[in-house]
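These notes concern the structure reproduced below.
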2 protein chains.
Amino acid sequence: MTASSRPPHPRERRTAQDRRAQLVQIGLELLPTTPVQELTIDEVARRAGISRSLLFHYFANKREYYTAVTRAAADLMWEHLLPAPGTPPEEQVVGMLDRYVGWVETFRESHLAFVRGAGGGDPWVSEVYEETRRRLVEVALAALELPDDALRRQLLLAWFAFTEDLVGQWVHEPTTPRPELLELLRDVLRKVTER
Amino acid sequence: MTASSRPPHPRERRTAQDRRAQLVQIGLELLPTTPVQELTIDEVARRAGISRSLLFHYFANKREYYTAVTRAAADLMWEHLLPAPGTPPEEQVVGMLDRYVGWVETFRESHLAFVRGAGGGDPWVSEVYEETRRRLVEVALAALELPDDALRRQLLLAWFAFTEDLVGQWVHEPTTPRPELLELLRDVLRKVTER
DNA sequence: TAGCTTGTTGACCGTTGCTCAGCAAGCCGG
DNA sequence: CCGGCTTGCTGAGCAACGGTCAACAAGCTA
């Protein structure tokens, strides 16, 4: 987040860690306006005030860079959704759902662009997001205290796709009050898993 | 290094319509193996046995080309799913669902790659597929004889996201017999729309 | 001071999307 | 047969982008 105003001549030397973090941060800031894979190295380097070559010093290639950005975005969401340890099961699920809707509300385009980018095109990128979804399902499975079989996992993942889609539409056109949306999602989850 | 050969057929001259169709066809054939946006004009032109320039004679730019390819793919599916006129309502829905699963089963990677490509990255491309989904919802709404309000449409679209996701998983790991999958999907649809 | 480590750069290359001036294959009226 | 028109088609070439490489320079330590 440190402002990198560009003084005329002197070079700005940073530690490897700092530089990497800065580059990923720039990627995160660009994410809302640009499909991940379309970030140009030039643009990122320009914003960081460094040469293209330096970016390739930290990331072997473009893909490695934008998967790192994607992973950072996914981690941010993950940390926001994760329930505090010790929360009662039912509350865990409801809380995660509530925070998920909040997350989408807060970041709107930003988040939708991210999901879109994560779902499409590059398998390496989609793998990152799919892993996050799998982890979410893992948590939900435990919280719901459901038996763990393959079909149920598929259903939970599919329910998450349902939720993603519906919430994505809802933030653009809130067809029902927020609490009812949450109730509806919880209800569908119940009906989907109760078999 | 380019082909300096002028084989027996120095040049294959076609009508504009023919050429366009051929180019789109080549795009469709490449779709399973390559994310739409990553098709290279070079590759397509090479397969068609023409110069790159000619492709730009028929499509203003790359995007116009691959949205045309995407639209062609979407239309193929649409035509396959559309119920025959005169089919009784319930049968329409069940039939479409059945044919949808069949479609995914038949084309597997091909279809999943398509959906992935259509969902991600370029808004122009995703718009094409979203329009198809909207049309499907339109048909389903009529077939189910449900009142037509904004929330219900959202729910139907979200249910379709659920279906897409579940069927996509299921073809990779059939966790339940096919008829039960269909029943399950129909059941979830009922529960989602019965409010 | 020399010497090492390492953050950093500019010059260069191959590929790809895209443009443009013009060739060539049919088809017309004379 | 001929000139000219239309139109499918090409090759050379440009700009932008991803990626490589040898070398510079900013700090640290001996």
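Chain naming here is simple, since letters A, B, ... match the order of the sequence lines and numbering starts at 1 in each. It should be emphasised that the depicted structure is a prediction, and the values quoted were computed from it without experimental measurement.
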Expressed in angstrom and rounded to an integer, what is the separation of [X] atom [atom1] from [N] atom [atom2]?
{"X": "Leu55(B)", "N": "dG17(C)", "atom1": "CG", "atom2": "P", "result": "10 Å"}
{"X": "Tyr66(B)", "N": "dG17(C)", "atom1": "OH", "atom2": "C1'", "result": "11 Å"}
{"X": "Arg13(B)", "N": "dC23(C)", "atom1": "CZ", "atom2": "C1'", "result": "11 Å"}
{"X": "Leu54(A)", "N": "dT9(C)", "atom1": "CG", "atom2": "P", "result": "6 Å"}

Checklist entry - Quick one: which of dT8(C), dT10(D), dG8(D) gets closest to the side chain of Ile50(B)? => result dT10(D)
Item to check | Selection: residues 17-36 of chain B, any non-hydrogen atom under 4.0 Å of DNA chain D | outcome: Arg19(B)
Would you tabulate the side-chain donor-acceptor contacts of residues 84-92 of chain A under 3.5 Å, counting partners in other chains and residues two or more places apart, or write 'none'?
| residue | atom | partner | partner atom | Å |
| --- | --- | --- | --- | --- |
| Thr87(A) | OG1 | Ala84(A) | O | 2.5 |
| Glu90(A) | OE1 | Arg186(A) | NH2 | 2.8 |
| Glu90(A) | OE2 | Arg186(A) | NE | 3.0 |
| Gln92(A) | NE2 | Thr87(A) | O | 3.0 |

Checklist outcome for this item: For residues 171-183 of chain A, the side chain to side chain donor-acceptor pair (under 3.5 Å) pairs (sequence neighbours left out) are Asp98(A)-Arg178(A), Glu105(A)-Arg178(A), Glu109(A)-His172(A), Thr175(A)-Gln154(B), Thr176(A)-Glu180(A)
Item to check | For Arg19(A), all residues meeting salt bridge (Lys or Arg N to Asp or Glu O under 4.0 Å), sequence neighbours excluded | outcome: none
Next on the checklist: List the residues meeting salt bridge (Lys or Arg N to Asp or Glu O under 4.0 Å) with Arg52(B), not counting sequence neighbours, and say none if there are none.
Outcome noted: Asp42(B)
Please tabulate the protein-to-nucleotide N/O contacts below 3.5 Å involving nucleotides 16-20 of chain D, giving atom names and distances.
| residue | atom | partner | partner atom | Å |
| --- | --- | --- | --- | --- |
| dG18(D) | OP1 | Lys62(A) | NZ | 2.9 |
| dG18(D) | OP2 | Ile41(A) | N | 3.1 |
| dG19(D) | OP2 | Lys62(A) | N | 2.5 |
| dG19(D) | O6 | Arg52(A) | NH2 | 3.1 |

Donor-acceptor pairs under 3.5 angstrom involving side-chain atoms of residues 156-164 of chain A: please list them, not counting sequence neighbours.
| residue | atom | partner | partner atom | Å |
| --- | --- | --- | --- | --- |
| Trp159(A) | NE1 | Leu185(A) | O | 3.3 |
| Thr163(A) | OG1 | Trp159(A) | O | 3.0 |
| Glu164(A) | OE2 | Tyr129(A) | OH | 2.4 |

Next on the checklist: Restricting to ring-ring contact (aromatic ring centres under 6.0 Å, His included), what partner residues turn up for His57(A), sequence neighbours left out?
Outcome noted: none
Checklist entry - Looking only at side-chain N and O atoms, does Tyr58(B) come under 4.0 Å of OP1 or OP2 in dC9(D)? => result yes
Checklist outcome for this item: Scanning both residues in full, the closest heavy-atom pair of Thr193(A) with Arg152(A) reads O-NH1, 3.1 Å
Item to check | ring pair (Phe, Tyr, Trp, His ring centres under 6.0 Å) contacts in which one or both residues fall within residues 137-156 of chain B, not counting sequence neighbours | outcome: none
Checklist entry - Looking for any heavy atom pair under 4.0 Å, which part of the strands does His57(A) touch: base, sugar-phosphate only, or nothing? => result base
